[in-house]
Engineer: 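This is the structure I want to talk about, given as structure tokens.
Hydrogens, waters and symmetry mates play no part in the numbers below; they use all other heavy atoms, side chains included. Keep in mind it's a predicted model, so treat the numbers as computed, not measured.
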Amino acid sequence: MSRNPSQIVTPCVKVCTVDGSSGLCLGCLRTLGEIAGWARLSDAERADIMEALPRRVDRLPEMFRSTFTGR
């Protein structure tokens, strides 16, 4: 009997635009490398990145920061 794979938790909100100055996605605040490797990361590695995401808002240009207020 095969087991269903567990669903991978992701911060993706389907707004896939990377800010050139910070290198962060304007939708989820991950880097391109994190996005590309997300499915291969361990649950612990993904959890570490998820925990760090709120602190990344300050790396965005001011005009994009308000998007993340209240998230």
Engineer: Of all the heavy-atom pairs spanning D19 and P61, show the shortest one and how long it is.
Structural biologist: OD2-CD, 3.3 Å
Engineer: Enter the distance from I49:CD1 to T10:OG1 here, rounded to the nearest 0.5 Å.
Structural biologist: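 Spacing of CD1 (I49) from OG1 (T10) equals 10.0 Å.
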Engineer: Is there side-chain contact between W38 and P11, with at least one heavy-atom pair below 4.5 Å?
Structural biologist: yes
Engineer: Would you find a donor on one side and an acceptor on the other, under 3.5 Å apart, between the side chain of E51 and the backbone of D48?
Structural biologist: no
Engineer: Do V15 and T67 have side chains that approach each other closer than 4.5 Å (heavy atoms only, starting at C-beta)?
Structural biologist: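 Contact flag for V15/T67 side chains = no.
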Engineer: Do L26 and V18 touch side chain to side chain, with heavy atoms closer than 4.5 Å?
Structural biologist: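 They are not in side-chain contact.
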Engineer: Could you tell me whether E34 and R40 make a salt bridge, using a distance below 4.0 angstrom between a side-chain N and a carboxylate O?
Structural biologist: no
Engineer: Looking at every non-hydrogen atom in both residues, tell me the closest pair between C28 and I35 and how far apart they are.
Structural biologist: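 Smallest heavy-atom distance, with atoms named: SG-CD1, 4.3 Å.
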Engineer: On a heavy-atom basis, which atom in A39 and which in I8 lie closest, and how many Å separate them?
Structural biologist: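 Taking A39 first and I8 second, the nearest heavy atoms are CA-CD1, 4.0 Å.
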Engineer: Quick one: do R30 and C12 satisfy side-chain contact (heavy atoms from CB on, under 4.5 Å)? Show the steps, please.
Structural biologist: CA-CA 9 Å; R30 292 179 294 170; C12 183; 3.7 Å; yes
Engineer: Would V9 and R46 count as a side-chain contact (heavy atoms from CB on, under 4.5 Å) here? Give the steps.
Structural biologist: CA-CA 8 Å; V9 175; R46 286 192 294 269; 5.8 Å; no
Engineer: Side-chain heavy atoms under 4.5 angstrom apart, residues restricted to Ile, Leu, Val, Met, Phe, Trp, Tyr: same cluster for L53 and L32?
Structural biologist: no
Engineer: Is any side-chain heavy atom of L29 closer than 4.5 Å to a side-chain heavy atom of V57?
Structural biologist: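 Side-chain contact under 4.5 Å: yes.
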Engineer: Which heavy atom of L60 sits nearest a heavy atom of R65, and at what distance?
Structural biologist: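 L60 and R65 have their closest heavy atoms at O-NE, 2.8 Å.
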